[in-house]
Amino acid sequence: MTDRRTAESGMSQPAVEQRAGGPARPGNKWWTLVAVCLGIFMLLLDITIVTVALPDIQRGLGSSFSDLQWIVDAYALTLAAFLLTAGSLSDMYGRRRLFLIGLVVFTGASLLCGFATSTLMLQVSRAVQGVGGAIMFAVSLALLADAFRGKDRGVAFGIWGAITGIAVAVGPLLGGVLTSGISWRWIFFVNGPVGAVAIVITVLNVAESRQAAAARPDWPGFVLFSLGLGSLVYGLIESNQKSFGNSVVAGSFVAAGMLLAAFVAVELRGRHPMFDLALFRVPAFSGGSVAAFGLSASIFAMILYLVLYLQDILGYSALGTGLPMTVMSGGMFAAATSPTPSLRVSGLDKTGTA
């Protein structure tokens with residue numbers, strides 16, 4: 001929403017933000033779209049491309065089943081934990097700068113994943129990948145909103161949405177092709193040239209922007225949420241090897257409950273919370289959150305077990321596993337991009353806003 005100063009000067013809000021942060025750096029909006037889409041494509045591709053390579057990784061590094069779970073979850077955990085904080089930092093220090101940092105971190109971590117000589121090295125590198133991915137994802141739409149106006153903004157957001165769906169859909173197939181044709185290491189090495197191109201485009205063609213009087217990051221909320229989520233994931237993974245009655249597992253769940261309860265208390269009382277819990281009063285937001293949780297807890301949780309079953313029990317190759325997985329991912333993409341029915345359910349077709 002524009003304020004009085006914005007309306008009187010005739011400037012758009014992004015322009016005011018640019019001026020408040022110093023002289024605007026010239027940029028090309030379509031090159032900005034290319035850079036953003038390359039970064040988003042890489043980070044979302046790595047959610048699904050890894051799954052079909054897990055049996056090969058297990059054989060190559062001598063990993064256990066819980067090790068494989070951490071290879072997947074280390075990425076998702078840091079991606080979720082750093083997402084909101086990265087957005088606050090970009091408002092303060094510059095969105096282009098943070099996006100560039102995210103690209104460098106993600107690309108470098110991808111190369112480390114490819115060169116991993118142990119399961120631990122791969123897990124740590126995947127966690128660092130998630131940090132870079134969180135920064136890119138948090139900043140991507142803000143960069144597009146600053147670069148585009150009017151009809152072009154809708155086109156840019158539409159392309160961004162299509163790229164997100166395509167990345168998730170083609171991940172299993174591309175992972176199968178690379179793993180069967182070359183090596184599982186190339187599912188990570190492929191990010192090297194893509195990331196390098198995105199970095200060059202960002203340096204040369206993306207304009208800087210920041211928010212005037214941006215709120216500082218909610219560090220207590222970030223620490224509590226990260227530790228709580230980490231404790232919960234640790235307990236769930238360790239319960240496979242031990243049992244839910246094990247003292248370490250039970251302690252992890254208790255710690256997770258206490259930390260997440262403290263996170264909620266901090267967010268309710270903080271002046272600048274990292275996550276505004278009042279959003280749950282909006283039916284469209286709370287309903288969408290429940291649907292997203294159900295999807296993640298069912299389909300995405302099933303993928304690891306399905307891949308291991310297809311390859312270890314039925315004897316499928318990585319490519320043979322990638323084909324049916326692509327059909328499943330493509331179905332999710334088609335459902336996500338289908339128009340109007342979901343809007344009618346939420347009532348968005350009447351208001352035009354969430």
Side-chain angles (χ1 to χ4, degrees), residues 38-83 86 99-138 164 167-168 170-199 202 226 229-230 233-234 237 300 303-304 307-308 311 317-319 321-322 325 329:
L38 286 174
I40 294 301
F41 183 82
M42 285 193 302
L43 79 91
L44 292 176
L45 185 73
D46 269 47
I47 294 176
T48 55
I49 195 174
V50 174
T51 54
V52 297
L54 289 175
D56 287 76
I57 293 173
Q58 186 177 34
R59 289 188 289 269
L61 298 180
S63 309
S64 66
F65 179 70
S66 61
D67 289 336
L68 295 182
Q69 288 180 297
W70 275 115
I71 290 171
V72 175
D73 289 341
Y75 180 77
L77 188 61
T78 52
L79 183 66
F82 280 83
L83 191 60
F99 186 74
L100 190 58
I101 290 173
L103 280 172
V104 172
V105 170
F106 187 90
T107 305
S110 296
L111 297 178
L112 288 176
C113 287
F115 287 116
T117 56
S118 67
T119 301
L120 178 61
M121 180 178 176
L122 180 56
Q123 291 167 342
V124 172
S125 300
R126 285 282 287 168
V128 177
Q129 255 193 326
V131 175
I135 297 172
M136 290 191 290
F137 198 71
T164 61
V168 174
V170 304
L173 180 61
L174 183 58
V177 170
L178 292 173
T179 303
S180 295
I182 311 176
S183 165
W184 64 264
R185 297 182 183 276
W186 279 91
I187 65 174
F188 301 111
F189 286 148
V190 72
N191 290 329
V194 177
V197 170
I199 289 169
T202 302
S226 300
L229 196 60
V233 172
Y234 178 81
I237 290 177
F300 287 110
I303 289 177
L304 172 62
V307 167
L308 294 176
Q311 293 194 41
S317 66
L319 179 57
T321 302
M325 299 294 292
S329 299

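Since we're looking at a predicted model, the values are computed, not measured.
- In terms of heavy atoms, Cys113 sits closest to Trp184 at O-CZ3, 4.0 Å.
- Rounded to the nearest 0.5 angstrom, Ile135 CD1 and Leu100 CG are separated by 10.5 Å.
- Evaluation of the side-chain hydrogen bond (donor to acceptor under 3.5 Å, both in side chains) test over residues 171-181, restricted to residues two or more places apart or in two chains, returns none.
- Applying the ring-ring contact (aromatic ring centres under 6.0 Å, His included) test to pairs two or more places apart or on separate chains, those with a residue in residues 40-83 are Phe65-Tyr305, Phe82-Phe222.
- The side chain to side chain contact (heavy atoms under 4.5 Å, CB included) search around Leu174 returns Leu45, Ile49, Leu178, not counting sequence neighbours.
- The closest side-chain heavy-atom distance from Leu122 to Ile57 is below 4.5 Å.
- Side chain of Ser183 to backbone of Trp186: no donor-acceptor contact under 3.5 angstrom is found.
- The shortest heavy-atom contact between Pro172 and Val52 is O-CG2, 3.6 Å.
- Nearest heavy atoms, Pro55 versus Val307: CD-CG1, 3.9 Å.
- Identified under the side-chain hydrogen bond (donor to acceptor under 3.5 Å, both in side chains) test for residues 113-123, with sequence neighbours left out: Ser63-Thr119.
- Looking at Asp67 and Leu61, their side chains never come closer than 4.5 Å, going by heavy atoms from C-beta outward.
- Closest non-hydrogen pair, Ala86 versus Ala134, comes out as CB-O, 4.1 Å.
- Ile40 pairs by the side chain to side chain contact (heavy atoms under 4.5 Å, CB included) definition with Val36, Leu43, Leu44, Phe137, Ser140, Trp160, Thr164, not counting sequence neighbours.
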Please output the side-chain donor-acceptor pairs of residues 102-109 that fall under 3.5 Å, not counting sequence neighbours, one pair per line with the distance.
unit_1: Thr107; atom_1: OG1; unit_2: Leu103; atom_2: O; d: 2.8

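- One finds the CG atom of Asn191 at 5.5 Å from the CE atom of Met42 (value rounded to the nearest 0.5 Å).
- Sorted by first and then second residue, the salt bridge (Lys or Arg N to Asp or Glu O under 4.0 Å) pairs with a member in residues 106-135 read Asp46-Arg126; sequence neighbours excluded.
- Sorted by first and then second residue, the salt bridge (Lys or Arg N to Asp or Glu O under 4.0 Å) pairs involving residues 173-193 (not counting sequence neighbours) form an empty list.
- Judged as a salt bridge (Lys or Arg N to Asp or Glu O under 4.0 Å), and not counting sequence neighbours, the contacts of Asp56 are Arg59.
- Counting heavy atoms from C-beta on, the side chains of Leu111 and Phe189 come closer than 4.5 Å.
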**OP:** Just do the side chain to side chain contact (heavy atoms under 4.5 Å, CB included) check on Phe188 and Leu112 with the steps written out, would you?
**Re:** CA-CA 8 Å; Phe188 301 111; Leu112 288 176; over 6 Å; no
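- Listed by chain and residue number, nothing satisfies the side chain to side chain contact (heavy atoms under 4.5 Å, CB included) test with Ala76 (two or more places apart in sequence, or in another chain).
- For Asp73, there are no side chain to side chain donor-acceptor pair (under 3.5 Å) partners two or more places apart in sequence or in a different chain.
- For Leu38, the side chain to side chain contact (heavy atoms under 4.5 Å, CB included) partners are Val34, Val194, Val197, Ala198, Ile201, not counting sequence neighbours.
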